*Asks:* 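First the structure, which I've put down as structure tokens, then a few questions once you've had a look.
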Amino acid sequence: MTYLSSLNEVQHQAVTHTDGPVMVIAGPGSGKTRVLTYRIAYLIEQGVAPQQILALTFTNKAAREMKERIQAVVGSKGERVWAGTFHSIFARILRVEAPKIDFPPAFTIYDRDDSKSLVGDIIKEMRLDPKQYNPNAVLARISSAKSNLITPELYAKDHELIHYDRMNKRPQIYDIYERYYKRCKQAGAMDFDDLLLQMYRLLQENKDNVREKYQRIFRYVLVDEFQDTNYLQYAIIKLLTVYHNSPFNICIVGDDAQSIYSFRGATIENILKFEQDFPEVSVFKLEQNYRSTDHIVKAANMVISNNNKQIQKEIWTELGDGHKIKVIKAVSDVEEGRLVASTIIEYKNRLHLENRDIAILYRTNAQSRVFEEHLRKQNLAYKIFGGLSFYQRKEVKDILGYLRLTVNERDDEAFKRIINTPKRGIGKTTTGKIAEIAVEEGVSMWAVLTSGLYPAKGKLASFVQMIEKFKAKAASSDAYEVAMMVAQESGIFEQLRQDQSIEGIGRMENASALLDGIKEFVENDIADEGATTDRSLAAYLSDIALLTDLDTTDEEESDYISLMTTHTAKGLEWKAVFVVGLEENLFPSYMSMGSPDQLDEERRLFYVSITRAKMFLALSYATSRYQFGQFRYNDPSRFLEEIDEIHFESTVERKKQLFKEPRLLADRPGRKKDFEPRVNPADFKPSPSEQLAEGMQVLHLQFGSGRILSIDGARDNKVATIHFDQGDDSERRIMLRFAKLQIVEQG
DNA sequence: GGGGGCTATGGGGGG
DNA sequence: CATAGCCCCC
């Protein structure tokens with residue numbers, strides 16, 4: 001057990017304290033992954049069977065790394081540990097247990113596009129105004145309901161939710177939710193949230209004692225990034241670990257300061273509740289940072305201290321002062337790209353860094369383009385993470401659509417995608433009719449065609465025949481052979497072959513790469529020692545539905561600069577990190593400007609970003625940038641001001657320039673001293689900006705009440721001049737696009 | 001009835 | 001800047 005000697009005292013305790021509930025609060029770079037993996041290795045060495053250990057992570061990458069490191073200590077049996085994302089582990093279990101909750105074993109996983117399209121269809125069927133009922137907004141409500149364990153029945157009875165929807169002029173959401181839920185069920189499909197919700201149902205309803213079965217299997221449960229779990233995930237964890245005579249062998253690892261997923265339902269409350277739910281919990285705080293030098297660590301501490309709620313801790317390092325933080329000011333997004341690229345060249349020459357030591361982190365994917373262009377110009381190898389994953393490309397999704405319909409004929413979203421792809425003369429009128437009958441009869445579109453509810457003649461008959469042929473093939477052959485047949489006989493390969501443009505050839509390559517991937521999946525069967533591994537087509541589809549771009553490894557080139565969003569960067573580290581686009585309305589995002597809680601989350605995101613750097617940290621901003629199709633001027637991010645200038649490399653002169661431009665200080669709402677909201681956020685109900693007019697008395701979350709003096713600017717860019725009752729700068733110009741105002745009195 | 005080109009609209013982070 | 005809806009032509 002020599003590996004234990006490499007741990008510091010707290011880490012050692014966290015690893016060897018195996019029984020009963022354990023909570024590890026782990027600051028950035030504090031050896032969290034080491035603790036988790038060594039703890040699992042230690043359990044195995046203590047005689048716990050690997051297959052009795054469940055380790056839940058948020059990304060496939062984290063799970064993969066964990067498995068590799070466990071195997072490095074305990075050998076190949078480490079492979080049998082149940083390590084994976086919540087979604088992938090639950091999908092695997094549901095694949096086996098689906099009939100117990102009335103789903104087919106070959107259930108489909110609906111991705112975001114599928115969900116959105118279904119919600120859109122339902123909104124149309126209900127003849128609701130799609131402008132008012134924006135599918136994305138509706139879906140967000142449904143997702144948040146599911147994450148909080150609110151089923152359609154509960155939603156309809158929940159006065160608070162109903163009231164909220166009424167206020168937002170979307171009173172029918174409960175109805176849409178109910179229909180959406182039924183239609184997913186009808187299609188034998190689960191969306192991402194259902195993988196959690198249906199897992200909960202499975203355990204809760206406990207048919208054939210399935211709950212006890214999994215309680216018995218998972219003797220030790222570990223949860224990584226616990227601060228990012230939502231109510232539902234925690235509820236499932238409790239079903240698995242809290243029962244009569246339970247040893248409560250649950251270990252959670254997390255950091256409240258790195259909670260950045262509240263937008264998808266994560267709640268910091270879970271950490272606080274954990275101590276109430278498990279009063280006998282042993283708590284270990286990992287505060288020593290082994291990643292970054294002191295200027296970076298101190299800056300990070302300083303930034304996070306501006307947040308309201310947090311578990312007290314102070315991160316420290318023994319790695320020395322290190323380099324100061326570089327601040328890069330650019331006049332435009334294009335110049336920002338150029339300056340970052342040239343700084344990278346300078347770093348590489350002066351500091352002997354490789355490409356792989358460097359990352360550029362941005363708040364939104366849309367920012368990647370300028371950096372891409374300038375890196376290419378400078379001949380620097382780079383890789384963009386995020387954006388469209390391989391499996392989201394059209395040509396790939398088309399083939400997958402056929403495979404989905406083949407394994408699950410009720411999958412209406414797949415049906416709609418491929419019925420006329422490639423074009424076979426079955427247009428939207430026909431498809432519309434089939435869909436209409438399907439809704440009326442409460443059956444799938446496939447059933448409408450095959451049961452005679454709609455006459456399947458001619459083109460439709462050949463389509464049915466083709467799919468039947470695929471289904472027959474699937475019954476007798478492996479996934480690869482089916483996919484090959486689909487690609488050829490559906491006409492997809494033929495169509496791609498005809499397009500000899502550069503993009504067209506690329507699409508053909510993608511389609512072939514998909515088939516290669518399926519072949520690999522099938523052949524892995526032999527390599528895997530576990531006989532239980534599911535190599536079916538359904539299992540393949542389920543696997544890839546949960547993969548992200550981060551999971552597709554390419555071996556050919558490994559020395560590249562990494563470009564990704566700040567969210568994706570969580571858990572990763574580089575010698576040199578560039579956090580870019582540090583401007584108000586971008587980072588922090590304009591979407592978060594309305595509420596202190598959301599601003600705190602942006603700050604945590606910034607905290608996560610800067611703590612990715614081991615030795616060199618550079619922060620850049622542009623005073624103007626092309627955004628939403630026009631030039632916009634934004635102030636430097638408030639987060640820059642939260643770092644003491646002793647940690648900055650730039651001269652004081654430059655810094656003065658940076659912060660003393662008069663307008664920066666004048667109309668900056670979020671500065672600490674005047675940030676106490678003058679309105680109770682709970683009582684604040686923003687009014688739609690199109691209703692705002694001159695003379696109205698309005699309420700602003702930070703500035704309190706005021707009167708609109710005038711509104712000017714073009715449609716999407718309206719700016720209101722408002723006289724606020726309190727405060728020194730009583731007249732402010734507020735962009736209606738960003739600001740949330742509540743009408744108190746029509747003028 | 002189906003296909004293709006045009007205009008309008010919306011745009012955050014991810015399993 | 002991408003996608004959806006719309007209109008016009010086949």
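Since we're looking at a predicted model, the values are computed, not measured. Throughout, protein chains are lettered first and strands after them, A, B, ... in sequence-line order, and every chain is numbered starting at 1.
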*Asks:* Measuring to OP1 and OP2 of B/dG2, would you say a side-chain N or O of A/Thr430 lies under 4.0 angstrom away?
*Replies:*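 Checking B/dG2 against A/Thr430, a side-chain N or O does come within under 4.0 Å of OP1 or OP2.
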*Asks:* Contact boundaries of DNA chain C with chain A (under 4.0 Å, heavy atoms), 5' to 3'?
*Replies:*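 Under 4.0 Å from chain A, the extent on DNA chain C is C/dC1 to C/dG5.
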*Asks:* I want to confirm an ordering. Mapping A/Thr364 and A/Lys131 to their closest nucleotides on DNA chain B, which one lands closer to the 5' end?
*Replies:*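 Closer to the 5' end of DNA chain B: A/Lys131.
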*Asks:* Would you indicate what A/Phe86 reaches in the nucleic acid, counting non-hydrogen atoms under 4.0 angstrom: base, sugar-phosphate, or nothing?
*Replies:*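 Nothing: the residue A/Phe86, judged by heavy atoms under 4.0 Å, touches no strand.
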*Asks:* Which part of the nucleic acid, if any, lies within reach of A/Lys570 when heavy atoms closer than 4.0 Å are counted: base, sugar-phosphate only, or nothing?
*Replies:*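 No contact.
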*Asks:* Can you tell me how far C1' of B/dG11 sits from CG of A/Leu586, to the nearest Å?
*Replies:*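 For the pair A/Leu586 CG and B/dG11 C1', the rounded distance is 13 Å.
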*Asks:* Expressed in angstrom and rounded to an integer, what is the separation of A/Leu361 atom CG from B/dG14 atom P?
*Replies:*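 To the nearest whole Å, that distance equals 12 Å.
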*Asks:* Rounded to whole Å, please give me the gap between NZ in A/Lys116 and P in B/dG15.
*Replies:*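 Atom NZ in A/Lys116 sits about 18 Å away from atom P in B/dG15.
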*Asks:* Answer whether the closest heavy-atom distance between the side chains of A/Asp194 and A/Lys146 falls below 4.5 Å.
*Replies:*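 Yes, at least one pair of side-chain atoms sits under 4.5 Å.
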*Asks:* Has the side chain of A/Glu602 got a donor or acceptor that lies under 3.5 Å from a partner of the other kind on the base of B/dG12?
*Replies:*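 Indeed there is one.
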*Asks:* Which part of the nucleic acid, if any, lies within reach of A/Asn60 when heavy atoms closer than 4.0 Å are counted: base, sugar-phosphate only, or nothing?
*Replies:*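 Nothing, no nucleic acid heavy atom in range.
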*Asks:* Do A/Ser332 and A/Glu335 have side-chain N/O donor and acceptor atoms under 3.5 Å apart?
*Replies:*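 No.
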*Asks:* Closest to the A/Asn136 side chain: B/dG15, B/dG13, B/dG11?
*Replies:*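 In terms of side-chain proximity for A/Asn136, the closest of B/dG15, B/dG13, B/dG11 is B/dG11.
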*Asks:* Among A/Lys416, A/Lys116, A/Arg183, exactly one meets salt bridge (Lys or Arg N to Asp or Glu O under 4.0 Å) together with A/Asp121. Which residue is that?
*Replies:*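 Passing option: A/Lys416.
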*Asks:* Whole-Å distance between B/dG11 P and A/Tyr590 OH?
*Replies:*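 Computing the A/Tyr590:OH to B/dG11:P distance gives 7 Å.
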*Asks:* For A/Tyr261, does the six-membered ring have the charged nitrogen or CZ of A/Arg264 within the cation-pi criterion, i.e. under 6.0 angstrom from the centroid and within 45° of the normal?
*Replies:*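 Yes, A/Arg264 and A/Tyr261 form such a contact.
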*Asks:* Polar pairs (N or O, both sides) under 3.5 Å between protein and nucleotides 3-8 of chain B?
*Replies:*
from, atom 1, to, atom 2, distance (Å)
B/dG3, OP1, A/Gly425, N, 3.3
B/dG3, OP2, A/Asn420, ND2, 3.0

*Asks:* DNA chain B: A/Ser88 or A/Thr429, which has the more 5' nearest nucleotide?
*Replies:*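 Final value for this comparison: A/Thr429.
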*Asks:* Can you tell if the side chain of A/Leu195 reaches within under 4.5 Å of the side chain of A/Phe107, non-hydrogen atoms only?
*Replies:*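 With C-beta onward as the side chain, the pair touches.
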*Asks:* Given atom CZ of A/Phe385 and atom P of B/dG13, what is their separation to the nearest angstrom?
*Replies:*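 Distance check: A/Phe385 CZ to B/dG13 P gives 17 Å.
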*Asks:* Between A/Lys397 and A/Asp113, does any NZ, NE, NH1 or NH2 come within less than 4.0 Å of an OD or OE carboxylate oxygen?
*Replies:*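 A/Lys397 and A/Asp113: salt-bridged.
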*Asks:* Less than 4.0 angstrom between a side-chain N/O of A/Asn134 and OP1 or OP2 of B/dG10, yes or no?
*Replies:*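 Answer is no, no contact under 4.0 Å.
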*Asks:* Atom NE2 of A/His567 to atom P of B/dG13: distance rounded to whole Å?
*Replies:*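 The distance from NE2 of A/His567 to P of B/dG13 comes to 9 Å, rounded to the nearest Å.
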*Asks:* Rounding to an integer number of Å, can you tell me how far A/Arg264 CZ sits from B/dG13 C1'?
*Replies:*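 A/Arg264 atom CZ is separated from B/dG13 atom C1' by 9 Å.
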*Asks:* For A/Phe587, report the nucleic acid contact type (base, sugar-phosphate, nothing); a contact means any heavy atom under 4.0 Å.
*Replies:*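 Since no nucleic acid heavy atom lies under 4.0 Å of A/Phe587, the category is nothing.
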*Asks:* For A/Arg369 and A/Glu373: C-alpha separation, side-chain torsions, deciding distance, then whether salt bridge (Lys or Arg N to Asp or Glu O under 4.0 Å) applies.
*Replies:* CA-CA 6 Å; A/Arg369 235 196 55 216; A/Glu373 280 165 16; 3.3 Å; yes
*Asks:* If the cut-off is 4.0 Å, is A/Lys459 near the phosphate of B/dG1, judged by side-chain N/O to OP1 or OP2?
*Replies:*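 Negative; the distance criterion is not met.
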*Asks:* Do the side chains of A/Arg603 and A/Asp600 get close enough for a salt bridge, i.e. N-O under 4.0 angstrom?
*Replies:*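 Salt bridge between A/Arg603 and A/Asp600, a charged N being under 4.0 Å from a carboxylate O: yes.
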*Asks:* In terms of heavy-atom contacts, does NZ of A/Lys185 have more than 12 from other residues, nucleotides or ligands at under 6.0 Å?
*Replies:*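 Atom NZ in A/Lys185 is crowded, with more than 12 foreign heavy atoms closer than 6.0 Å.
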*Asks:* For A/Tyr234, give me all partners under ring-ring contact (aromatic ring centres under 6.0 Å, His included), at least two apart in sequence or on another chain.
*Replies:*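 Partners of A/Tyr234 under the ring-ring contact (aromatic ring centres under 6.0 Å, His included) test: A/Phe226.
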*Asks:* Reckon A/Lys124 touches a base, only the sugar-phosphate, or nothing at all at heavy-atom distances under 4.0 Å?
*Replies:*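 Sugar-phosphate: the residue A/Lys124, judged by heavy atoms under 4.0 Å, touches backbone atoms but no base.
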*Asks:* Ignoring backbone atoms, establish whether A/Thr565 has a side-chain N or O less than 4.0 Å from OP1 or OP2 of B/dG12.
*Replies:*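 False: A/Thr565 side-chain N/O out of range (4.0 Å or more) of B/dG12 OP1/OP2.
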*Asks:* Just compare B/dG13, B/dG14, B/dG11 and give me whichever is closest to any side-chain atom of A/Thr568.
*Replies:*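 Among B/dG13, B/dG14, B/dG11, the one nearest the side chain of A/Thr568 is B/dG14.
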*Asks:* Does the aromatic ring of A/Phe263 sit over the six-membered base ring of B/dG13, closer than 5.5 Å centre to centre and tilted less than 30°?
*Replies:*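 A/Phe263 vs B/dG13: stacking yes.
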*Asks:* Ring centroid separation for A/Tyr362 and A/His567, is it under 6.0 angstrom?
*Replies:*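 Not under 6.0 Å, so no.
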*Asks:* Are A/Glu436 and A/Lys433 ion-paired here, with the side-chain N under 4.0 Å from a carboxylate O?
*Replies:*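 Salt bridge: no.
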*Asks:* Under 4.0 Å between a side-chain nitrogen and a carboxylate oxygen: does that hold for A/Arg404 and A/Glu413?
*Replies:*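 Here A/Arg404 does not pair with A/Glu413 in a salt bridge, since their nearest N and O are not under 4.0 Å apart.
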*Asks:* Could you tell me whether A/Glu225 and A/Lys32 make a salt bridge, using a distance below 4.0 angstrom between a side-chain N and a carboxylate O?
*Replies:*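 Salt bridge: yes.
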*Asks:* Taking DNA chain B as the partner, which of residues 193-200 of chain A come within under 4.0 angstrom of it by heavy atom?
*Replies:*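 Contacts with DNA chain B under 4.0 Å: A/Asp193.
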*Asks:* Can you give the donor-acceptor pairs under 3.5 Å from side chains of residues 536-547 of chain A to other protein atoms, not counting sequence neighbours?
*Replies:*
from, atom 1, to, atom 2, distance (Å)
A/Ser536, OG, A/Asp534, OD1, 2.9
A/Ser536, OG, A/Ala539, N, 3.1
A/Ser542, OG, A/Arg95, NH2, 3.2

*Asks:* I need the CD-C1' distance between A/Gln233 and B/dG15, as an integer number of Å.
*Replies:*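 Distance, rounded to whole Å: 9 Å.
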*Asks:* Stem list for DNA chain B, please, built from Watson-Crick and G-U wobble pairs under 3.5 Å and keeping only runs of at least 3.
*Replies:*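 Paired runs of 3+ in DNA chain B: B:1-10 with C:1-10.
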*Asks:* Less than 4.0 angstrom from a charged side-chain N to a carboxylate O is my criterion; do A/Arg376 and A/Glu372 meet it?
*Replies:*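 Here A/Arg376 pairs with A/Glu372 in a salt bridge, since their nearest N and O are under 4.0 Å apart.
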